Structure formats: structure tokens, C-alpha cells
Undergrad: 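Sharing a structure with you now.
Computed from a prediction, not measured in an experiment: that's the story for all the values here.
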Amino acid sequence: MNTENRVSPQAPEIEEAIIGACLIEQGAIPLVADKLRPEMFYVLRHQVIYAAILAMYHAGIKIDILTVKEELSHRGKLEEAGGPFGITQLSSKVATSAHIEYHAQIVHEKYLRREMILGFNKLLACSLDETMDIDDSLVDAHNLLDRLEGEFGHNNHMRDMDELMTATMVEAEGRIANNKNGVTGLPTGLADLDRMTSGLQKGELVVVAARPGVGKTAFALHMARSAAMAGYAVAVYSLEMQGERLADRWLTAVSEISARHWRSGTVSQQELIEARLPIHVDDNTSVNMEHIRSSARLLQSQHACDAIIIDYLQLCDMTTGQNNRNREQEVAQATRKAKLLAKELNVPVVLLSQLNRESENRPAGRPELAHLRESGAIEQDADVVMLLYRPALARVTTDRESGYPTEGLGVVIIAKQRNGETGNVYFRHNPEMTKITEYVPPLEYMLKHAK
């Protein structure tokens, strides 16, 4: 045995106790079957025996010393497992399965430590090899951590009904305590949208989609500013615009700072103070979902990430090292990662996306869910899908559904909401779509439709 093997985390005696318990008690294997896989055992012959026991359990075959010997013989693995005497000897290593779940936890932990050593050694070798692409090495590092974290928590998600109901009631009580005029999540900045969604909810993926030029970024900035004004920290990943230009639009659109004063530099100190909000912007144009996840986790550890906005999906770096994936599969994977990020950090993730050209052929250019670009997985993974629509761009003077005049009119079509209603929310915007406010029908419309 080499030096590395001698220092590898291991617990052979615990492994023997687990296998011994499975050989002598029928109720032992169900306690560990979903917790341990054969490769988690350190000793090779233990892997061989446990693989046979696990296969018999899933096949509904009774497990004891004689049947396990028969199974190993049928597989041609009996001698590799230590022969008949070795199997019998293992059964004498334990008198009861009383502690088998705790023993399984130890074996699982030792396996994770070995995997960490192996994985980090490979990453170290890649880091020292300057011929290796640094981006590939970083992706490998992210993938290793994801796999290890998944292994570490894979036994902790099963809850009985009592535990689940307790957690559900705690969550409900929290919503009641934090309820502000019906808003239990982060405010969106539009009262009707808050009413229909109860705000941006923790753990949900919210997709905001539109054709280019309709105002996805402006709408996202409005939501970010509204949440920040309410005291929430927002992380914005802008893949399209430079951070400073994003901030220019932000400040001149949603604050009372004069755009002319801002560009000319004649801004008062008080105006600058008012412009400071808990918003973090990353304008790296080659960002992928792994980078966003790492960055957001770091911000959250600093209590600086209550919501995430990604502008926009189709600009994410989709490179995964798997050349056999097509564009639709890459987009689907990125969307899935955004949903998992929302669940992991328990924050709303707002993901901006483009609609395809077919939406422009609809009556008055009104979009539908089917127009989400490049992947049906966007609709599948999203908890909420908002489609932005500006009827004036279709050169119509009156919105067909509301009857409102289209000048300055914007529509948020809530096309999907997993836990709520769908419908339309109206807002007003200035000609450049840089300032969004609540929609109030013009006086002439009100007078015309007054009863």
C-alpha cells in the first residue's frame, strides 16, 4: 500500500460492522440502502460484498450469509470477497444493527474526505500545469464543489410530514409577520404587480422576457431600485451594459437627479447621498452561471444578497466543455442552474430573456409563452414568467385588451405563475423607457368612459 492509501480517511472496522449487520438482520439494509453506495466503502472486498447485498435488496431477495455467498458465487466474485470463510467472519463482527445508521454516516464522511483529497490534488496539478486553460480549471473546481456539496447533503432532504408541516407553519407565520399591505416578498415597484405576485418570493425563478428594445433592462432596474429602497440588497449581473452606463440610466431614470446635471457633473452632494442604494453590479461580459453562483454566495455570506438579477440569459457564457450539446440544451442547463441558485440561496432570481421574432407576427405584436427564445425549459423551470409588451411599438393607438391609449403604456403580461394568478399589469413609461411609474389612465380617457 502506498503512502497516499495509508493516510486516506478510512474506517474498515465500521465497514465490517455495517456489512455484518446486513448479513444477520433483515431490517438492516433498508436503513442504509439510500445512504451508501458500494464505492463509498474503502476496502475493495467490502465494496464487492455490499454491491451484492444491495442488488439482492432491490431485487427482493432474502439476505443472509448463505444467499449472499450464492450471489457472490453467481457473480464470480466470491474469492474477491474473501471466500466463504471471509463472509462468515464478517457476520461475527457485530451482534446488532442498532447503530448502523450512525456507522453509515461515518463511512459516508470518510468517503467524502477521500473524494476531497483526490479532487483537490487534481485541481492542484491543473493549477501547476500552465498549458491547461484557466477557465476550464475554474469550471472543474466549481463542478467538484457542487458534487461534494450534493453528496454531503443528499441524505438530508427527506422529511416526515410532522417536520414538513412544522417548517410550513413557520414559513407561513413569517409571511404574516412580514406582510406589508399584502406584499410578503420583495416589492417590485408596481402596486398591481405586487398585488398579483405578493412581491418577488424567496427561492423563486422569475423570468422577464421581451423583444430587444422593449425595455427588459429598464424594467429590471426599476424592480432592483424598488427592492433596494425597501432595504433589500440586490446583486445585478449585467452582461450587456458597462456598470457605469447602467448606473447612469439608473440614477437619471429613477431618481430626481437631472440627466443634464448628471452628465455635466453639476450634482449636489445631497443628490449623490440619495442615490446610494444597497445594489451590487457585476458587468463582466463573459459571465457564466458558475461565476454568478460563486459571486452571489460570497455576497450572501456578507449579508449583501437578498435578490439576484441576471441581464440576460442568452448572453450567459454557455461553455461547459461538452461539445455534443446544442444551443437549446445549453440554455436549458443555464436556466436550470438559475432555478437551483434561487433554491440554494433562498432568494428570488430574476432572469431576463429574449423572445423570438415570431411574437412580432402576433396581432399587435402581443407575445405569448411559446415565444420564449431557444428553449421550452425556460417556461418549465420558471416559477413566474413576465412578458413585457409595449403596444405603441406595433403602431396601434389603443390597447386591444384594456382600451387604454398606447402612448407611454407598458404591459406586464404575467403568463405563468406557479403559485398565483395570471393576467395583465399596466405601467407608464417615458419616451426613452428610462423611467417607469404606476399607470393612471389619462383624464380624457377617464372622462370618455365615465358613467
Undergrad: Could you tell me which non-hydrogen atom of V234 sits nearest to which non-hydrogen atom of A227, and how far apart they are?
TA: CG2-CB, 3.9 Å

Undergrad: Where do K110 and Y42 land on the side-chain contact (heavy atoms from CB on, under 4.5 Å) test, with the steps shown first?
TA: CA-CA 8 Å; K110 300 294 184 184; Y42 177 77; over 6 Å; no

Undergrad: Less than 4.5 Å apart, side chain to side chain, heavy atoms only: is that true for N424 and S402?
TA: no

Undergrad: Just checking K202: does its NZ atom have more than 12 heavy atoms from other residues, nucleotides or ligands closer to it than 6.0 angstrom?
TA: no

Undergrad: Does the side chain of L193 come within less than 4.5 Å of I414's, by heavy atoms?
TA: yes

Undergrad: In Å, rounded to the nearest 0.5 Å, how long is the span from CZ of R45 to CD1 of I19?
TA: 7.5 Å

Undergrad: Determine whether D192 and Y426 make a side-chain contact, defined as any pair of heavy atoms from C-beta on separated by less than 4.5 Å.
TA: no

Undergrad: Would R418 and E204 pass as an ion pair if we require N to O under 4.0 Å?
TA: no

Undergrad: Kindly say whether G213 contributes a backbone atom to a donor-acceptor pair with the side chain of R390 at under 3.5 angstrom?
TA: yes

Undergrad: Side-chain contact, heavy-atom cut-off 4.5 Å: M223 with V206?
TA: no

Undergrad: Atom CD of residue position Q302 - does it have more than 12 heavy atoms of other residues, nucleotides or ligands inside 6.0 Å?
TA: yes

Undergrad: Around atom NE2 of H303, are there more than 12 heavy atoms from other residues, nucleotides or ligands closer than 6.0 Å?
TA: no

Undergrad: Between H46 and F41, what is the ring plane arrangement, given parallel below 30°, perpendicular above 60°, and tilted in between?
TA: perpendicular

Undergrad: Please round to the nearest 0.5 Å and tell me the distance separating atom CE of M40 and atom CZ of R114.
TA: 9.5 Å

Undergrad: Does Q417 have more than 12 heavy atoms from other residues, nucleotides or ligands lying within 6.0 Å of its CD?
TA: yes

Undergrad: Rounded to the nearest 0.5 Å, how far does CG of L387 lie from CG of L369?
TA: 5.5 Å

Undergrad: Between the main-chain N or O of K62 and the side-chain N or O of T67, is there a donor-acceptor pair closer than 3.5 Å?
TA: yes

Undergrad: Apply side-chain contact (heavy atoms from CB on, under 4.5 Å) to V32 and Y50, showing your working.
TA: CA-CA 11 Å; V32 297; Y50 184 75; 4.0 Å; yes

Undergrad: Which atom pair, heavy atoms only, marks the closest approach of A81 to L72?
TA: CB-CD1, 3.8 Å

Undergrad: Do P9 and I117 have side chains that approach each other closer than 4.5 Å (heavy atoms only, starting at C-beta)?
TA: yes

Undergrad: Looking only at heavy atoms, what is the nearest atom pair of R75 and E71, with distance?
TA: NE-OE2, 2.8 Å

Undergrad: Mind checking the CG-CZ spacing from L388 to F427? Nearest 0.5 Å is all I need.
TA: 6.0 Å

Undergrad: So for atom CZ, which belongs to R362, do other residues, nucleotides or ligands contribute more than 12 heavy atoms lying within a distance under 6.0 Å?
TA: yes

Undergrad: Between L299 and A235, what is the shortest heavy-atom contact and its length?
TA: CD1-CB, 3.7 Å

Undergrad: Quick check: does any side chain N or O of S294 sit under 3.5 Å from a backbone N or O of H291, one acting as donor and the other as acceptor?
TA: no

Undergrad: Counting distance only, does the side-chain N/O of Y237 pair as donor-acceptor with the main-chain N or O of A296 below 3.5 Å?
TA: yes

Undergrad: Indicate yes or no: at least one non-hydrogen side-chain atom of L355 is less than 4.5 angstrom from one of V214.
TA: no

Undergrad: How many angstroms lie between atom CD1 of I87 and atom CG of D64, to the nearest 0.5 angstrom?
TA: 12.0 Å

Undergrad: With the threshold set at 4.0 Å, does a side-chain nitrogen-carboxylate oxygen contact exist between E421 and R195?
TA: yes

Undergrad: Step by step, work out the side-chain contact (heavy atoms from CB on, under 4.5 Å) result for Q333 and K337.
TA: CA-CA 6 Å; Q333 185 183 54; K337 287 182 177 179; 4.0 Å; yes

Undergrad: Just verifying a value: how many Å separate D140 CG and R147 CZ, rounded to the nearest 0.5 Å?
TA: 11.0 Å

Undergrad: Examine distances only and state if a side-chain atom of E379 and a backbone atom of L372 form a donor-acceptor pair shorter than 3.5 Å.
TA: no

Undergrad: What pair of heavy atoms forms the shortest contact from I100 to C22, and how long is it?
TA: CD1-SG, 4.2 Å

Undergrad: Please lay out, stage by stage, how L205 and T335 fare under the test side-chain contact (heavy atoms from CB on, under 4.5 Å).
TA: CA-CA 9 Å; L205 174 62; T335 306; 4.1 Å; yes

Undergrad: Of all the heavy-atom pairs spanning A104 and L36, show the shortest one and how long it is.
TA: O-CD2, 3.6 Å

Undergrad: Do we see a donor-acceptor contact under 3.5 Å between the side chains of N419 and Q201?
TA: no

Undergrad: Can you confirm whether the side chains of S238 and D311 place a donor and an acceptor under 3.5 Å from each other?
TA: no

Undergrad: Do you know which of L352, V350, V236, V349 makes side-chain contact (heavy atoms from CB on, under 4.5 Å) with I310?
TA: V349

Undergrad: Can you check whether A191's main-chain N or O pairs, donor with acceptor, with E438's side chain at less than 3.5 Å?
TA: yes

Undergrad: Quick check against the 3.5 Å criterion: does E39 have a side-chain atom that pairs as donor or acceptor with the backbone of Q47?
TA: no

Undergrad: With a 4.5 Å heavy-atom cut-off, do L190 and I436 have their side chains touching?
TA: yes

Undergrad: For the side chain of S73 and the backbone of K69, is there at least one donor-acceptor N/O pair under 3.5 Å apart?
TA: no

Undergrad: So, does H103 use its side chain to make a donor-acceptor pair with the main chain of A17 at under 3.5 Å?
TA: no

Undergrad: Take a 6.0 Å sphere around CD of E358 and say whether it holds more than 12 heavy atoms from other residues, nucleotides or ligands.
TA: no

Undergrad: If we only count heavy atoms from C-beta on, is the P84 to L78 side-chain gap below 4.5 Å?
TA: yes

